[in-house]
Amino acid sequence: MSDWILVVDDNTENLKMASRILTAEHMRVSCLKSGADAIAFLHENIPDLILLDIHMPGMNGFETIEALRADADIPAIPYIFLTADEDSETETKALKAGAMDFIKKPFVPEVLLLRVRHSIDLIRLQSNLAQEVAKKTEEIEAHNKKLNRISIQIVTALSSAIDAKDTYTNGHSRRVAQYAQAIAYRAGFDTAMQDDIFMMGLLHDVGKIGIPDAIINKPDKLTPEEYAIIKTHPAVGYDILKNIPDFLKLSTGARWHHERYSGGGYPDGISGDDIPIEARIIAVADAYDAMSSRRSYRGMMTQAQIREEMEKGKNTQFDPDFAAIMIELIAQDTNFLMREI
């Protein structure tokens, strides 16, 4: 397909000369004599390049370009300004307006042809580059989506393995992840943050892999020594996850989900805003699931009891903002579906 050039100039001789030079090089040429005609033409046609005279009666070249840019129905088409002006000010203004080039009149055939050819080659190169970038971007996005699916599958499988160690917490990690994601959504965090928190929720208890089954599943009250071992699981989980380069944030939820908002939690005893925000969210979700699930030492608590404990825990055990969101979710869960089934 030949290159298509639109030439806009109020001088008939200039149009004839430009047409003769370009058609001799097998280019398709359309000629118009005003900016208004060009606008009407471009509503129905999309040439590869516009040669546009600056000085025309009615609408000059600069005004024509402004009108084209303001018209949403006309795509952006590269253009070269034409003028007989000799001053550098006009040339500077033309280039600042976004012109690809600037051609002086009267035309020197070789110069006109070279500048049009160079511009067409550059347009084609930019188009090919844009297509290649779009193709590579699409390939990368598809690859990343695949990796993300694989990552979620691996994390989900690992969280299931964690839960399988504990007879009394079947599905705990997934529920915590879901509750934490719901809190993050209500708190106004973006989708990426919500996804991060979901993944952190799935692996918040990964450190329990290092805790003996006999302690995790002990039906009786734990001894102080056994409880001390249980309390090591956040640090163990942190050590497991901290060296995964692509998922550095995963270790955040694992290490600090047992910290208390007012201090006195473990493993580091930090408080308030020193506790990472993701861990504060997971702490609320984790406590809610513990209360809405059966344990060896008690049955499932009622919604009223859970809500009361959440209210009590504001500013002490829990970040008050995230506890308030959890309480809102409880109020909306009229059929008590957010619980261990």
Side-chain angles (χ1 to χ4, degrees), residues 1-138 140-141:
M1 182 183 292
S2 60
D3 299 313
W4 187 6
I5 314 299
L6 171 63
V7 185
V8 185
D9 193 310
D10 63 308
N11 187 294
T12 302
E13 291 304 315
N14 288 336
L15 292 177
K16 289 180 179 179
M17 180 179 292
S19 180
R20 185 167 57 252
I21 294 168
L22 298 174
T23 53
E25 293 297 319
H26 309 292
M27 295 184 187
R28 178 184 175 189
V29 180
S30 297
C31 296
L32 298 171
K33 300 190 72 172
S34 72
D37 289 343
I39 292 171
F41 177 85
L42 293 170
H43 273 109
E44 304 293 336
N45 304 276
I46 305 176
D48 297 299
L49 179 68
I50 302 171
L51 303 185
L52 180 62
D53 188 21
I54 290 180
H55 298 295
M56 296 183 292
M59 184 182 293
N60 66 34
F62 293 116
E63 292 168 341
T64 300
I65 290 302
E66 289 179 6
L68 292 175
R69 287 174 175 169
D71 195 323
D73 295 327
I74 299 176
I77 301 171
Y79 59 93
I80 295 175
F81 272 130
L82 309 173
T83 186
D85 291 348
E86 294 293 338
D87 62 290
S88 59
E89 184 178 341
T90 300
E91 184 172 351
T92 300
K93 184 178 178 182
L95 294 174
K96 283 184 176 180
M100 292 192 70
D101 207 340
F102 187 94
I103 298 177
K104 297 285 183 66
K105 296 189 293 184
F107 303 132
V108 176
E110 293 80 3
V111 173
L112 173 66
L113 186 59
L114 281 173
R115 295 202 172 190
V116 168
R117 176 54 63 197
H118 286 167
S119 295
I120 289 291
D121 289 344
L122 179 58
I123 292 166
R124 186 170 291 114
L125 178 62
Q126 290 172 334
S127 176
N128 291 340
L129 180 60
Q131 291 175 15
E132 187 63 23
V133 169
K135 179 182 176 182
K136 291 298 181 184
T137 300
E138 186 177 343
I140 291 170
E141 288 177 349

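For the atom pair CG (L6) and CG (D37), the distance works out to 10.0 Å, reported to the nearest 0.5 Å. The line from CG of D3 to OG of S119 is 11.0 Å long, rounded to the nearest 0.5 Å. Note that the CD1 atom of I80 and the CD1 atom of I103 stand 4.5 Å from one another [nearest 0.5 Å]. Residue L125 holds its CG atom at 11.0 Å from CD1 of I123, rounded to the nearest 0.5 Å.
Counting non-hydrogen atoms of other residues, nucleotides and ligands closer than 6.0 Å to CD1 of I46 gives a total of 12 or fewer.
Looking at residues two or more places apart in sequence or on another chain, you find a side chain to side chain contact (heavy atoms under 4.5 Å, CB included) between L122 and M100, Q126.
When the options I50, L49, N45 are evaluated for a side-chain contact (heavy atoms from CB on, under 4.5 Å) with I77, the one that passes is I50.
Proximity of a side-chain donor or acceptor of S19 to a complementary backbone N or O of L15 within less than 3.5 Å is not detected. In this structure, the side chain of E63 engages the main chain of N60 through a donor-acceptor pair within 3.5 Å.
Judged by distance alone, the side chains of H43 and D71 do bring a donor and an acceptor atom under 3.5 Å apart.
Comment: R124 does not engage D48 in a salt bridge, judged by the lack of any side-chain N to carboxylate O separation of less than 4.0 angstrom. Contact check on D53 versus K105 returns a salt bridge, with a Lys/Arg side-chain nitrogen under 4.0 Å from an Asp/Glu carboxylate oxygen. A salt bridge links D101 with R115: the distance from a Lys NZ or Arg NE/NH1/NH2 to an Asp or Glu carboxylate oxygen falls below 4.0 Å.
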